[in-house]
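Numbers for residues simply follow the sequence, beginning at 1.
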Amino acid sequence: LYLTDGQPRSIKYANTGSGEYDDVPIYDSPTKYADEKMYLQLKTGLNIGFFRLSLQKYVQAELAFQGALNTVFQGFGGADNMGFDGVFFFGFNTRFFDMVSVRVGLQHYSGHYGDETLAKLTGQSGFPIEYTRDNNLLVGLAVQPVSFARLYAEASVPMTNTWMHPAIHIPSFLIKRTNNESLHDQEARSEDIAPTLFGDTYKAWILNAGSELRLPIRNVGSLLLAFDVMAHQDGQTKHSPGGYDEENPWELEYTVGLGLEFFDELTKGCARIMITYHDGRFPLLNYFYHRTKYFAAGFMVSM
């Protein structure tokens, strides 16, 4: 990753006695590494089908578990680990007529700071804010009307009885599993911030949509053009106590990609070489409050 704007240089802390989320620097000098732009992102994932049913090409369905790990390292100063994410999905994948795919299930998001990053923050009061969404209900739809084009969209929202963090993002309808009381109010007390009075429309939705276009190149593979947009309703909170307003806009992220894709008809595997541009959040869940812009050169293998 080559950042053109928005280098993460602090971590938000809660329960510091200020009634706010305090920004704690992760470097011991305001200028240390300030001009560094390179980061390394590594991602891996899998899909396991536990039970599959196929009626020729009319309907194909499976009960599936999907898991992914994502991590980012500095490309400088000892290549310290910034953090890592775990994302898990359990539900149903269904494909109709080899054209329309649907998935419905529960998805878990969990962000964690890297030990090397936290080690720089010893002696701080309070605790660092982490991003967690346990068992969001997720519904996704993908349509491939022709072999060279694919459109997709997904929506996820927290279940009523769940776990979520930080408090400023937690809708008022969520309850804590252990005592069936308002999760938002309890977490706000834990973080020492004032409870937020949310409007009825605030559900902490996450919406995602995009498209892929493949242009075959004889004896080489395909030229891949991709566009992705993500909308976070929690952007209406400004990620700070007292920042919520029903009129605030949702936070948007944009990613555009161009690359070459190589597909193996025998194994159904593929490889991609991609150049992408991203305008949105830093690519780690716990850094949701850091807006950034970067170019990325990447290589992906799928089997």
Establish, from distance only, whether the side-chain atoms of [X] and [Y] form a donor-acceptor pair under 3.5 Å.
X	Y	answer
Gln107	Tyr109	yes
Gln7	His290	no
His169	His184	no
Thr16	Asp22	yes
Gln41	Asn70	yes

Check whether any side-chain heavy atom of [X] sits under 4.5 Å from a side-chain heavy atom of [Y], and report yes or no.
X	Y	value
Leu121	Val24	yes
Gln144	Arg95	yes
Val59	Thr94	yes
Met300	Met274	no
Ile206	Met230	yes
Phe73	Tyr39	no
Ile129	His239	no
Leu183	Met164	yes

Salt bridge flag under 4.0 Å for residues [X] and [Y]:
X	Y	result
Asp134	Arg177	yes
Glu181	Lys176	no
Asp234	Arg133	yes
Arg189	Asp192	no

Q | Exercise: identify the closest heavy-atom pair between Phe299 and Ile273 | A |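 Residues Phe299 and Ile273, closest heavy atoms: CD1-CG1, 3.7 Å.
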Q. Any idea which heavy atoms bring Ala226 and Glu212 closest together, and the distance?
A.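 Distance-wise, the nearest heavy atoms are CB-CG, 4.3 Å.
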**Q.** Steps toward ring pair (Phe, Tyr, Trp, His ring centres under 6.0 Å) verdict (Tyr113, Tyr287)
**A.** CA-CA 9 Å; Tyr113 290 106; Tyr287 294 84; 5.6 Å; yes
Q) Can you list the steps and then say if Met159 with Leu106 is a side-chain contact (heavy atoms from CB on, under 4.5 Å)? A) CA-CA 9 Å; Met159 301 288 284; Leu106 299 177; 4.1 Å; yes
Q) Looking at residues at least two apart in the chain, or sitting in another chain, which of them share a side chain to side chain contact (heavy atoms under 4.5 Å, CB included) with Glu62? A)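 Scan of Glu62 (side chain to side chain contact (heavy atoms under 4.5 Å, CB included), adjacent residues dropped) gives Asn47, Arg52, Ala64, Asn93.
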Q.
Run the side chain to side chain contact (heavy atoms under 4.5 Å, CB included) test against Glu116 and tell me which residues pass, sequence neighbours left out.
A.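 Applying side chain to side chain contact (heavy atoms under 4.5 Å, CB included) to Glu116 gives Asp80, Asn81.
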Q. When the ring centroid of Phe295 is compared with that of Tyr277, is the distance short of 6.0 Å?
A.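 Centroid distance Phe295-Tyr277: below 6.0 Å, so yes.
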Q: Check whether the ring centres of Phe90 and Phe65 lie less than 6.0 Å apart, and answer yes or no.
A: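 No, they do not, as the ring centres are separated by 6.0 Å or more.
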Distance, nearest 0.5 Å, that separates [atom1] of [X] from [atom2] of [Y]:
X	Y	atom1	atom2	value
Ser222	Leu213	OG	CG	9.5 Å
Leu141	Arg103	CG	CZ	11.5 Å
Arg272	Cys270	CZ	SG	5.5 Å
Ser182	Leu174	OG	CG	8.5 Å
Thr117	Ile26	OG1	CD1	5.5 Å
Asn161	Thr178	CG	OG1	9.0 Å

Does [X] [atom1] have over 12 foreign heavy atoms under 6.0 Å away?
X	atom1	answer
Tyr58	OH	no
Phe262	CZ	yes
Leu46	CG	yes
Lys57	NZ	no
Asn180	CG	yes
Asp5	CG	yes

If we ignore hydrogens and angles and just use 3.5 Å, is the side chain of [X] paired with the main-chain N or O of [Y] as donor and acceptor?
X	Y	value
Ser156	Leu137	no
Thr4	Lys293	yes
Ser29	Thr31	yes
Thr196	Phe198	no
Gln233	Ala204	yes
Gln236	Asn248	yes

Q: Using the side-chain contact (heavy atoms from CB on, under 4.5 Å) rule, take Ser240 and Lys12 through it: C-alpha gap first, then chi angles, then the decisive distance, then the call.
A: CA-CA 10 Å; Ser240 61; Lys12 286 191 180 296; 5.9 Å; no
Q: Please list, chain by chain and in numerical order, all residues satisfying ring-ring contact (aromatic ring centres under 6.0 Å, His included) with Tyr21, sequence neighbours excluded.
A: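 ring-ring contact (aromatic ring centres under 6.0 Å, His included) check on Tyr21 returns nothing, list empty.
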Q) In chain order, what residues pass the ring-ring contact (aromatic ring centres under 6.0 Å, His included) check against Tyr289, with sequence neighbours excluded? A)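 With neighbours one apart ignored, the set is empty.
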Q | Residue pairs passing the ring-ring contact (aromatic ring centres under 6.0 Å, His included) test where at least one lies in residues 115-167, sequence neighbours excluded | A |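 Qualifying pairs, neighbours excluded: Tyr131-Phe288.
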Q. If Ile, Leu, Val, Met, Phe, Trp and Tyr residues are connected whenever their side-chain heavy atoms lie under 4.5 Å apart, and connections chain through other members, are Ile48 and Met303 in the same group?
A.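 In one cluster with Ile48: Met303, no.
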**Q.** Chi angles and distances behind the side-chain contact (heavy atoms from CB on, under 4.5 Å) call for Leu224, Leu215
**A.** CA-CA 7 Å; Leu224 176 64; Leu215 305 176; over 6 Å; no
Q: Given side-chain contact (heavy atoms from CB on, under 4.5 Å), test Val72 with Phe84 step by step and report yes or no.
A: CA-CA 7 Å; Val72 176; Phe84 60 96; over 6 Å; no
Q: Report yes or no: is the cationic atom of Arg9 (NZ for Lys, CZ for Arg) under 6.0 Å from the centre of the six-membered ring of Tyr27, at an angle within 45° of the ring normal?
A: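 Arg9 over Tyr27 ring: no.
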Q. Pairs in or reaching into residues 28-50: which pass salt bridge (Lys or Arg N to Asp or Glu O under 4.0 Å), with residues at least two apart or in two chains?
A.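 Non-adjacent pairs meeting salt bridge (Lys or Arg N to Asp or Glu O under 4.0 Å): Asp28-Lys32.
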Q: Decide side chain to side chain donor-acceptor pair (under 3.5 Å) for Thr255 and His278; before the verdict, give the C-alpha distance in whole Å, the side-chain angles of both, and the deciding distance to 0.1 Å.
A: CA-CA 4 Å; Thr255 305; His278 175 79; 2.9 Å; yes
Q: Applying side chain to side chain contact (heavy atoms under 4.5 Å, CB included) between Phe282 and each of Leu285, Leu284, Asn286, report the one that passes.
A: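 It is Leu284, the one option of Leu285, Leu284, Asn286 that forms the side chain to side chain contact (heavy atoms under 4.5 Å, CB included) with Phe282.
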